[in-house]
Amino acid sequence: MTPAELSEALRAVLTSAVEDGTLPVPADALPATVTVERPRSREHGDWATNVAMQLAKKAGMPPRALAEALAARLGEVPGVAKVDVAGPGFLNITLDTAAAGGLARTVVEAGERYGRSEALAGQRINLEFVSANPTGPLHIGGVRWAAVGDSLARMLEASGADVAREYYFNDHGAQIDRFARSLLARAKGEDAPEDGYGGQYIADIAAQVLADAAAAGEPDPLSLPDDGAQEAFRARGVELMFAEIKQALHDFRVDFDVYFHEDSLHRSGAVEKAIARLRELGHVFEADGAIWLRTTDFGDDRDRVIVRSDGMPAYIAGDLAYYLDKRERGFDRVVIMLGADHHGYIGRMMAMCAAFGDTPGVNLEILIGQLVNLVRDGEPLRMSKRAGTIVTIDDLVGAVGVDAARYALARSSADQSIDLDLDLLSRSTNENPVFYVQYAHARTANVARNAGDLGVRREDGFDPSVLDHVSESTLLAKIGEFPRVVAQAAELREPHRVARHLEEVAGAYHKWYDQRRVTPFGDEDVTDTHRTRLWLNDATRQVLANGLGLLGVTAPERM
RNA sequence: GCCCCCGUAGCUCAGUGGAUAGAGCAUCGGACUUCUAAUCCGCAGGUCGCAGGUUCGAAUCCUGCCGGGGGCGCCA
């Protein structure tokens with residue numbers, strides 16, 4: 001019996017109690033899903049619910065009295081061995097060993113589908129993340145969002161949502177001009193401009209632009225007048241830089257459905273259209289020669305310029321048009337992941353959303369993630385694009401590999417700033433928890449191979465009543481909670497929850513492995529005990545594989 | 001000055017109002033002639049930053065303060 005099935009059984013008990021008057025509350029007062037949790041202490045049974053305490057006030061009954069009434073009915077449910085009322089009104093439920101163990105078969109039969117749900121079915125979600133400027137290689141901060149964003153996308157999809165991964169390609173404006181001037185200067189053998197970019201990659205790309213032009217039989221860009229030369233370096237340089245970022249992300253197992261060019265919003269007239277819409281809605285005014293959006297009407301702390309007094313659209317104008325474009329493409333939920341250094345945008349972005357008549361927090365969600373700090377020898381490392389002292393995605397992946405990098409970045413809450421010690425990472429020691437989880441998976445695969453070699457076959461028998469050891473109860477519980485953890489991670493936009501849960505599953509598996517043996521000794525006969533344990537072994541393997549898949553981390557068969 | 005995030009075991013961090021606050025790492029002591037010891041078992045380790053409040057119940061929610069980090073342009 002899965003916790004979800006137990007939850008349904010509880011709800012049926014509640015419904016019947018309402019119908020015959022035992023529980024004097026209206027039917028719509030019942031929670032849609034009854035929360036069933038694994039109690040902290042083993043003495044409190046297999047599962048517990050606080051539903052009696054939640055309903056006590058509405059029913060006008062003492063929580064314990066209500067719990068007693070429910071306990072009697074719940075005890076009648078097939079598979080439920082014992083129900084106790086404890087503390088202020090908890091219902092502590094103990095399952096028959098066989099009913100609890102049945103989960104192993106459920107998981108194996110569900111296979112890759114175990115952990116998937118329809119919790120977010122019908123939602124069309126646009127998830128924008130990374131969106132780094134193509135003025136340099138993807139740095140460590142962007143890599144965090146690549147890992148977290150892609151994992152979140154996988155979990156949203158597993159929960160039934162229709163998800164588009166989107167990268168906003170900022171190829172318009174002053175930063176790109178600075179990038180182009182830096183390339184040009186380097187090609188001429190000059191120092192980088194005061195406000196430009198430095199680093200070896202600038203030299204590499206400048207050389208590549210020259211080589212490409214020569215190979216194509218085009219005139220040497222350096223022979224052009226400065227304007228033309230800068231444009232040649234801009235066009236080709238951005239293309240090269242972006243291709244490099246895209247390739248690095250692909251190698252990181254992150255592929256976007258849409259790479260959206262900011263420039264296209266300006267060329268297509270989408271910016272003007274968005275401003276016109278806001279003007280019609282009466283949220284635009286002019287002052288000091290500029291055009292403003294009255295975001296203070298919607299909670300922002302100051303109004304925002306959308307067209308500067310020199311006639312150029314401000315940066316936010318692109319955001320207005322981009323948001324509108326996403327909505328018009330049919331996404332009812334626009335989710336944007338930003339670094340903590342952009343948290344100041346939330347107010348204006350939410351105000352913009354409201355100005356268009358949408359609901360902030362529903363149609364537009366902004367997820368803020370804290371920064372990644374780099375540490376070497378215990379000293380914080382200052383990074384500067386201009387000086388070229390940046391740690392790129394390739395540096396990180398080269399040091400620890402994709403699996404460890406993705407896992408390390410995805411296992412912490414995005415609210416938490418994280419320190420990555422470069423020495424530790426470059427030593428590639430075994431301190432990374434990804435190995436703990438992957439090793440557990442490799443072990444399940446090894447056990448299954450050995451069992452197969454010795455003639456243990458699942459299809460020959462399944463007797464869940466033999467799964468009576470405490471390590472089996474614990475492992476079954478961890479496996480049983482997996483679907484709820486995935487759905488919760490998707491709904492809360494907190495993919496790290498899945499990683500943490502996998503660590504618990506792995507821990508429970510390792511303990512079980514030490515206590516119970518799947519394969520027969522020597523000339524021992526194969527019994528249902530071996531077969532049933534193989535079901536549990538394989539169920540664990542499935543959960544670890546599904547979970548690692550949600551994190552974009554491989555599940556090795558051998559290590 | 002205003003805004004955001006953080007403060008939990010020696011370290012790194014889990015814990016979206018529930019029971020005796022957990023894990024990994026580090027330290028110390030144990031367990032491999034039979035499924036992988038990248039594992040497991042045990043010991044030890046805590047004023048959940050401080051002070052109030054909300055309620056049957058607060059690490060969790062609210063207010064104030066302290067400490068650390070980040071941000072507040074007609075830049076992008």
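So you know, we letter chains A, B, ... as the sequences are listed, proteins then strands, and number each from 1.
At whole-Å resolution of the value, CG in A/Asp300 and P in B/rC2 are 18 Å apart. Distance CG (A/Asp514) to C1' (B/rG42): 13 Å, rounded to an integer number of Å. Nucleotide B/rC32 holds its P atom 15 Å from the CD atom of A/Gln515, rounded to whole Å. Rounding to whole angstrom units, CZ of residue A/Arg443 and P of B/rC40 are separated by 7 Å. Atom CG in A/Asp419 sits about 12 Å away from atom P in B/rG70, given to the nearest Å. If you measure from atom CD1 of A/Ile368 to atom P of B/rG70, you get 16 Å, rounded to the nearest angstrom. We find that CZ of A/Arg348 is positioned 12 Å from P of B/rC75, with the value rounded to whole Å. If you measure from atom CZ of A/Phe90 to atom P of B/rG17, you get 13 Å, rounded to the nearest angstrom.
Each of A/Asn50 and A/Asn450 was matched to the nucleotide of RNA chain B holding its nearest heavy atom; the match closer to the 5' end belongs to A/Asn50. Taking the nucleotide of RNA chain B with the nearest heavy atom to each of A/Thr49 and A/Tyr436, the more 5' of the two is matched to A/Thr49.
A/Ala48 comes within contact range of at least one nucleobase, with a heavy-atom separation under 4.0 Å. Note on A/Arg517: a base of the nucleic acid sits closer than 4.0 angstrom, heavy atoms only. Using a 4.0 Å heavy-atom criterion, one finds that A/Arg558 contacts the bases of the nucleic acid, with or without backbone contacts as well. A/Met53 comes within 4.0 angstrom of a nucleotide base, judged by non-hydrogen atoms across all strands. Residue-level contact check: A/Gly173 touches the backbone only, with heavy atoms under 4.0 Å from sugar-phosphate atoms and none from bases. As judged by a 4.0 angstrom heavy-atom cut-off over every strand, A/Ala442 is placed among the base-contacting residues. A/Glu43 comes within 4.0 angstrom of a base, heavy atoms only. Within 4.0 Å of A/Asp453, counting heavy atoms only, lies no atom of the nucleic acid at all. Contact annotation for A/Ala56: no contact, since no heavy-atom pair falls under 4.0 Å across all strands. When heavy atoms are screened at a 4.0 angstrom cut-off, A/Ala340 is found touching the sugar-phosphate backbone but no base atom. Looking at heavy-atom distances under 4.0 Å, A/Asp288 makes contact with a base.
Here B/rG1 sits opposite B/rC72 as a Watson-Crick or G-U wobble pair (both hydrogen-bonding atom distances under 3.5 Å). Nucleotide B/rG7 has B/rC66 as its partner under the Watson-Crick or G-U criteria, with both atom distances under 3.5 Å. Judged by Watson-Crick or G-U wobble contacts below 3.5 Å, the nucleotide B/rC35 has no partner. Base pairing annotation: B/rC28 forms a Watson-Crick or G-U wobble pair with B/rG42, both donor-acceptor distances under 3.5 Å.
Here B/rA19 is the nucleotide among B/rC35, B/rA19, B/rA14 with the atom lying nearest to any side-chain atom of A/Pro39. When the nucleotides B/rG71, B/rC35, B/rG18 are ranked by their closest atom to the side chain of A/Val447, B/rC35 comes out on top. Of the candidates B/rA37, B/rG22, B/rC74, B/rG22 carries the atom nearest the A/Arg40 side chain, counting heavy atoms from C-beta on. Nearest to the side-chain atoms of A/Asp415 among the listed nucleotides B/rC6, B/rU20, B/rG71 stands B/rC6. Distance from the side chain of A/Val518 is smallest to B/rC35 among B/rC35, B/rG18, B/rG71. Distance from the side chain of A/Ser309 is smallest to B/rC74 among B/rG71, B/rA14, B/rC74. Proximity note for A/Tyr513 (side chain, C-beta onward) versus B/rA37, B/rU39, B/rG71: the nearest is B/rA37. Nearest nucleotide to the side chain of A/Asp341, out of B/rC74, B/rU34, B/rG71: B/rG71.
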Given the rule in the side-chain hydrogen bond (donor to acceptor under 3.5 Å, both in side chains) test, do A/Ser117 and A/Arg484 qualify, once you have shown the distances and angles that lead to the verdict?
CA-CA 9 Å; A/Ser117 72; A/Arg484 187 177 64 87; over 6 Å; no
Assess whether side chain to side chain contact (heavy atoms under 4.5 Å, CB included) is satisfied between A/Asp403 and A/Phe435, documenting all intermediate values.
CA-CA 9 Å; A/Asp403 283 342; A/Phe435 293 121; over 6 Å; no
As a quick check of understanding, evaluate salt bridge (charged side-chain N to carboxylate O under 4.0 Å, His left out) for A/Asp528 and A/Arg531, giving each step before the final call.
CA-CA 5 Å; A/Asp528 275 357; A/Arg531 299 183 187 105; 2.7 Å; yes
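Closest approach of A/Ser159 to A/Ala487, counting heavy atoms only: OG-CA, 3.9 Å. For the residue pair A/Leu23 and A/Ala59, the shortest heavy atom distance occurs at CD1-CB, 4.0 Å. In plain terms, the two heavy atoms of A/Ala290 and A/Ser309 that are nearest each other are CB-N, 3.9 Å.
Taking atom C1' in both B/rG45 and B/rU27, one finds a spacing of 10 Å when rounded to whole Å. Spacing between B/rC62 and B/rG17 at atom C1', rounded to whole Å, works out to 13 Å. With both ends at atom C1', the span from B/rG73 to B/rA21 equals 46 Å, rounded to whole Å. Comparing the P positions of B/rG30 and B/rG18 gives an interatomic distance of 41 Å, to the nearest angstrom. A gap of 28 Å separates the P atoms of B/rU20 and B/rC25, to the nearest Å. Between the C1' atoms of B/rA9 and B/rG24, the separation comes to 12 Å (whole Å). Atom C1' of B/rG22 sits at a distance of 12 Å from the matching atom of B/rC48, rounded to the whole Å. For B/rG42 and B/rA58, the C1' atoms lie 33 Å apart once the distance is rounded to whole Å.
Ring-base stacking between A/His44 and B/rA19 is satisfied, the centre separation being under 5.5 Å and the plane angle under 30°.
Ring planes of A/Phe242 and A/Phe169: parallel class, angle under 30° (limits at 30 and 60°). Under the 30°/60° scheme for interplanar angles, the aromatic rings of A/Tyr259 and A/Tyr167 are found to be tilted. Between A/Tyr322 and A/Tyr168, the ring planes lie parallel to each other; the angle is under 30°, not in the 30° to 60° tilted range.
Listed pair A/His496 / B/rG15 meets the phosphate criterion, a side-chain N or O lying under 4.0 Å from OP1 or OP2. When the side-chain nitrogen and oxygen atoms of A/Arg302 are compared with OP1 and OP2 of B/rC2, none of them lie within a distance under 4.0 Å. For A/Gln416 and B/rA14, the shortest distance from a side-chain N or O to OP1 or OP2 is below 4.0 Å. Contact between the side-chain N/O atoms of A/Arg411 and the OP1/OP2 oxygens of B/rG24 is not found at any separation under 4.0 Å. A/Lys511 has no side-chain polar atom (N or O) that falls below the 4.0 Å cut-off from OP1 or OP2 of B/rU39.
For A/Ser417 against B/rC6, a side-chain-to-base donor-acceptor contact under 3.5 Å is absent. Contact of A/His510 with B/rC40 (side chain to base): no donor-acceptor pair of N or O atoms is detected under 3.5 Å.
Figure legend: A/Arg443 and A/Tyr509 shown without cation-pi pairing, the cationic atom not lying both under 6.0 angstrom from the six-membered ring centre and within 45 degrees of its axis.
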